[in-house]
Every structure is written in structure tokens, then in C-alpha cells.
Amino acid sequence: MLTLLRVQLSTLGFKPRGPRWDRGRVTLGYRLLTHAGVDGPEAAFALATQGAGSAVVLNVLLWLALVVSIPLNGFNPIYLTAAIVGVIAIGAFAVLVLSLTRGEEKSAQSCPRWPPTSP
């Protein structure tokens with residue numbers, strides 16, 4: 001658990017410049033996790049789940065804001081649109097997680113190992 005915390009803090013502190021800054025952060029997290037002994041496919045799944053999980057947290061915050069806002073300000077049609085988009089996003093996340101956990105062996109076989117072995 002302490003190793004995971006150190007990896008997360010290291011990737012949050014990594015601030016490269018340029019348009020592809022997130023790729024460097026994910027690559028650093030992947031390399032640190034695999035260096036700590038986590039299998040490559042498991043590290044990739046953990047990093048992908050973390051990214052999608054943050055979207056779920058943001059949607060939950062949106063719904064809480066809607067619950068507070070409707071009684072205070074009244075109903076607005078844009079609230080319904082935002083809620084529907086949030087439901088679709090969380091549904092897509094749930095389907096993704098279920099499909100990856102049910103087909104874990106197949107997903108793990110298709111994921112390349114890092115570092116690649118030389119021929």
C-alpha cells in the first residue's frame with residue numbers, strides 16, 4: 001500500500017511540458033508499478049481504472065450539486081441533460097470494467113510485456 005502511495009505521488013508531481021503531458025505521467029506510473037513487481041497487464045488495468053474512476057467521482061459530485069441546486073434554484077432543462085450525460089458515462093464505465101474483469105485472461109494475453117524481450 002505504501003508503494004502504491006509513493007507511485008501515485010510521484011506521478012502527480014511529474015509535470016512535463018508539451019501537449020502530451022498525460023502520456024508521460026501514465027508511462028512513469030506504469031514503469032514504477034512494474035519496477036515494484038506488478039505484472040504489466042495489471043499495472044495497465046490499474047492505471048486505466050484510475051483514470052476512469054476519476055470521471056465517476058466527478059459525476060457523483062455533479063449529481064450532488066444537482067440535488068442541492070434544484071431545491072434552491074428550481075428546475076432547469078440543462079440539469080436533466082447533465083444528469084443524462086452523467087448516467088451514460090457511468091454506465092459506459094461499468095460496462096468497461098465488467099468486460100475487462102470477465103475477459104481478464106484474454107485482455108492479459110493481448111497486452112504486451114514490458115520491457116520487451118530481445119529476440
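Only this structure's heavy atoms are used, side chains among them; waters, hydrogens and symmetry mates stay out.
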Show me the donor-acceptor pairs, under 3.5 Å and distance only, between side chains in residues 56-65 and residues at least two apart or in other chains.
{"residue": "Asn59", "atom": "ND2", "partner": "Ala55", "partner atom": "O", "Å": "3.0"}

Please list, one pair per line, the donor and acceptor atoms closer than 3.5 Å that link side chains of residues 83-91 to other protein atoms, with sequence neighbours excluded.
none

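Residue Ser69 comes nearest to Tyr79 through the heavy atom pair OG-OH, 2.9 Å, listed as atom of the first residue, atom of the second, then distance.
Checked against side chain to side chain contact (heavy atoms under 4.5 Å, CB included), Leu33 has the following partners two or more places apart in sequence or in another chain: Leu4, Val7, Val38, Ala43, Leu47.
Following chains of ILVMFWY side-chain contacts shorter than 4.5 Å, one cannot reach Leu72 starting from Phe75, and the two form parts of different hydrophobic clusters.
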